[in-house]
Amino acid sequence: MLAGVVSWAVNDWYQRRARKYWEAPLTVALVLVEREPVPEATLRKLESRVFDLERRLRQEFERHTGRALDPFSIVVKGPVQATHDPPRVGDQDLLGLARHALAVWRWTRALDEAAEVEWRGYDARIYLVMRPAKAHEPAFVEGESEDGGRIGFASADIDDSMLDFALFVSAHELFHTLGASDKYDAAGRAAFPDGLADPEQVPLYPQPGAELMARNLALSPTSERPPESLAELWVGPKTARELGWTR
């Protein structure tokens, strides 16, 4: 039994490492999870925007590598309903992490069964947990994922104006599963220089887009805003190196 576990762990480690060779598109399951019912029309618009996310990531891949390859094939699954939010990381000791891993496995297993997600068939699985955005209340988007793992979570208040930003954050969590690090400071602002889309641009501001791992588009040294569309999604030089797109 021990030999079997070790063999599985070594094989899984190799497969996760091989994702960054970029010899073929990585297959990603984007699982739509409703905590509260989301209008059908909004869900359909969200699904259609996934093609634009794939296209924008391809453009960034080609910009850094010079290779004409689709880096990601994103398969939308669901929507499925969840009775509670995804588990959050608590204690950082070994026991706490083991409890969290078990809670994540239980939470995702039920959703995977409902959405018919074959967990062996995907290089990563991102769960977009949605509630309808409420009028006159700030929209909320956040995420959490396994660093270098296979699972990521994004939570979003969804309406037609938030679709691209929800997909932006989903891509942010996807990149975490591939080993990309956050590029913002303790205050949540884009860190200089790695949190800038193009840190060598002259003049430096405003930036041409939002570095995916920083989330915000820097307008000046003291001003920034969230991206307004997927066209403003950029992958900066350090993130490209972390993904294996450049050296």
Option passing side-chain hydrogen bond (donor to acceptor under 3.5 Å, both in side chains) with Glu232 (candidates Gln207, Arg56, Arg225):
Arg225

Is the shortest side-chain heavy-atom distance between Val104 and Ile151 below 4.5 Å?
yes

Evaluate the side-chain proximity of Leu167 to Val50: yes if any heavy-atom separation is below 4.5 Å, no if none is.
yes

Just by distance, with hydrogens left out, do Tyr127 and Arg125 show a side-chain donor and acceptor under 3.5 Å apart?
yes

With distance as the sole test, does Glu47 use its side chain to make a donor-acceptor pair with the main-chain N or O of Val76 at under 3.5 Å?
no

Between the side chains of Arg88 and Glu144, is the shortest nitrogen-to-carboxylate-oxygen separation below 4.0 Å, so that they form an ion pair?
yes

Once rounded to the nearest 0.5 Å, what's the spacing between atom CD of Gln81 and atom CG of Leu32?
11.0 Å

Note, Leu219 side chain near Leu217 side chain (heavy atom, < 4.5 Å)
yes

Donor-acceptor check, side chain of Glu211 to backbone of Ala190, threshold 3.5 angstrom: yes or no?
no

Distance from Ile74 atom CD1 to Glu54 atom CD, nearest 0.5 Å?
5.0 Å

List the steps and the verdict of side-chain contact (heavy atoms from CB on, under 4.5 Å) for Asp159 and Thr42.
CA-CA 7 Å; Asp159 62 19; Thr42 300; 5.7 Å; no

Below 30° counts as parallel, above 60° as perpendicular, anything between as tilted: where do the rings of Trp107 and Phe153 land?
perpendicular

Arg241 and Arg247, any side-chain heavy atoms less than 4.5 Å apart:
no

Can you tell me how far apart CG (Leu243) and CZ (Arg19) are? Round to the nearest 0.5 Å.
10.5 Å

Can you tell me how far CG of Asp147 sits from CZ of Phe175, rounded to the nearest 0.5 angstrom?
14.0 Å

Start with the C-alpha gap between Asp85 and Ser155, add the side-chain angles, then the distance that decides, and say whether side-chain hydrogen bond (donor to acceptor under 3.5 Å, both in side chains) holds.
CA-CA 9 Å; Asp85 290 334; Ser155 298; 5.6 Å; no

Salt bridge flag under 4.0 Å for residues Asp52 and Arg49:
yes

Straight-line distance of Arg215 CZ to Phe168 CZ, nearest 0.5 Å
8.5 Å

Would you check if Tyr184 and Asp194 make a side-chain contact, meaning some heavy-atom pair closer than 4.5 Å?
no

According to the interplanar angle, ranging from 0 to 90°, do the rings of Phe61 and Trp245 count as parallel (below 30°), tilted (30 to 60°) or perpendicular (above 60°)?
perpendicular

